[in-house]
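First, the structure itself, so that you have it in front of you.
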Amino acid sequence: MKRFIYYILGLNLIAVAVVLNIRYNLGVAAFSSVMYSISEIYHISLGTASIICYLLFVLMQCILSKKVTLTYLLEVPLSFAFGFLTDIYDLFIPDIESQALLRMTLFIMTMFVTAMGVYLCVKTNVVLTPTDGIVKTISEVFCLPFSAVKNMFDISLVVVSLLLCLGNHTQLYGIGIGTVLSAVCLGRIIKIYERYLPLKIIEKSNFCYEGMLIDVFTILSSRK
């Protein structure tokens, strides 16, 4: 039960942080930059744009790992639930008008909130958000630290956002100093949590979906 409480808390921290970063008007967090750009360019809700990106991330996980697992499949309904949750917070969190220094301070504080949300979701090992799921898959496939992959992946999302805006001849939606800060620092903050905030109670109660895996490539090979 404690694991699921931490998990739900982590999801809500991430969703709140996504919306708060938009309100600070300093550039959205790197991991949500593509979603925000799609939302603004094509005039759809942030939640809908998130769902589109998340489903693509799920597909990428299946391709990289060369299998379809129950964990990946569960990320599909989670994508819709998280998109809905993001739209709810987007509806109720008001605009924040204050001096740039205060907004920057709040943005930095929110990065720690985001990192905690990611850390809780990863450590509880229930169902990751596809954004974190694809990072975890890359780290496992290529045997790289999660925090390092998180940094590289966030930076790549910022590049994709820039290309989307330039390709559609629009302003650079959501790209700012905050975007750069989150791309560089978020993975490092997660690493701090990994080192100094071990969740032993959660880790001992972790479960996995081994034995429930659906390896498409293995099935196909066995039929030949």
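None of these values were measured; they are calculated from a predicted model.
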ask   = Are the side chains of E40 and T170 in touch, meaning some heavy atoms are under 4.5 Å apart?
value = no

message = Would you compute the distance between atom CD1 of I138 and atom OG of S156 and round it to the nearest 0.5 angstrom?
response = 7.5 Å

ask   = Rounded to the nearest 0.5 Å, how far does CZ of F31 lie from CD1 of I155?
value = 15.0 Å

ask   = Is the side chain of S182 donor-acceptor paired with the backbone N or O of A30 at a distance under 3.5 Å, no angle test?
value = yes

task = Start with the C-alpha distance between K136 and F146, add both sets of side-chain angles, then the distance that settles side-chain contact (heavy atoms from CB on, under 4.5 Å), and finish with yes or no.
result = CA-CA 6 Å; K136 186 177 182 182; F146 179 89; 4.1 Å; yes

ask   = Where does the angle between the aromatic ring planes of F82 and Y54 fall among parallel (under 30°), tilted (30 to 60°) and perpendicular (over 60°)?
value = tilted

task = Would you indicate whether the side-chain heavy atoms of Y119 and T114 approach each other to under 4.5 Å?
result = no

inquiry  = Tell me the closest heavy-atom pair linking I41 and N168, and the distance in Å.
reply    = CG2-CG, 3.8 Å

query = Salt bridge between K150 and D154, side-chain N to carboxylate O under 4.0 Å?
reply = yes

task = Please find out if less than 6.0 Å separates the ring center of F57 from that of Y72.
result = no

message = Could you go through I22 and L46, starting from their C-alpha distance and side-chain angles, then the distance that decides it, and tell me whether this counts as side-chain contact (heavy atoms from CB on, under 4.5 Å)?
response = CA-CA 10 Å; I22 294 173; L46 182 61; 3.4 Å; yes

note = Residues Y193 and M116: closest non-hydrogen pair is CE1-N, 3.4 Å

task = Hydrophobic side-chain clustering at under 4.5 Å (ILVMFWY, transitive links): who's grouped with V159? Put none if nobody.
result = L163

query = Hydrophobic cluster mates of F92, side-chain heavy atoms under 4.5 angstrom, ILVMFWY only, any path?
reply = F84, I88, L91

From CG (D132) to CD1 (I14), nearest 0.5 Å = 5.0 Å

ask   = Could you go step by step and tell me if T124 and F4 meet the side-chain contact (heavy atoms from CB on, under 4.5 Å) rule?
value = CA-CA 7 Å; T124 50; F4 289 100; over 6 Å; no

ask   = Taking side chain as C-beta onward, heavy atoms only, is V149 less than 4.5 Å from F142?
value = no

query = Would V34 and I175 show up in the same hydrophobic cluster when neighbours are defined by side-chain heavy atoms closer than 4.5 Å?
reply = no

note = The reported gap from OG1 in T69 to CD in Q61 (rounded to nearest 0.5 angstrom) is 7.5 Å

ask   = For L85 and L11, which heavy atoms make the closest approach, and how far apart are they?
value = CD2-O, 4.2 Å

task = Establish whether M111 and M104 are linked, either directly or via other cluster members, by ILVMFWY side-chain heavy-atom contacts under 4.5 Å.
result = yes

message = Hydrophobic clustering (ILVMFWY, side-chain heavy atoms < 4.5 Å, transitive) - are L181 and V19 grouped together?
response = yes

request  = Check S79 against I51 and note the closest heavy-atom contact, atom names and distance.
outcome  = O-CG1, 3.4 Å

Worked verdict on V113 versus V16 for side-chain contact (heavy atoms from CB on, under 4.5 Å) = CA-CA 9 Å; V113 174; V16 169; 5.8 Å; no

ask   = Just by distance, do the side chain of S39 and the backbone of M35 share a donor-acceptor pair under 3.5 Å?
value = no

ask   = Roughly how far, to the nearest 0.5 Å, is CG of L106 from CG of N21?
value = 10.5 Å

query = T179 side chain to V28 main-chain N or O, any donor-acceptor pair under 3.5 Å?
reply = yes

query = Taking the side chain from D90 and the backbone from T86, do they hold a donor-acceptor pair closer than 3.5 Å?
reply = no

request  = Please report the closest heavy-atom contact between D87 and T48, naming both atoms and the distance.
outcome  = OD2-N, 4.1 Å

query = Looking only at heavy atoms, what is the nearest atom pair of S32 and V18, with distance?
reply = CB-CG1, 4.2 Å

request  = Would you check if the side chain of S161 reaches a backbone N or O of S33 as a donor-acceptor pair within less than 3.5 Å?
outcome  = yes

ask   = Are the side chain of R103 and the backbone of Y24 linked by a donor-acceptor contact shorter than 3.5 Å?
value = yes

query = Taking C-beta and beyond as the side chain, do V158 and V180 meet within less than 4.5 Å on heavy atoms?
reply = no

Within 6.0 angstrom of Y89 OH, more than 12 heavy atoms from elsewhere = yes

message = How long is the straight-line distance from CD1 of I134 back to CD of E75, given to the nearest 0.5 Å?
response = 8.5 Å

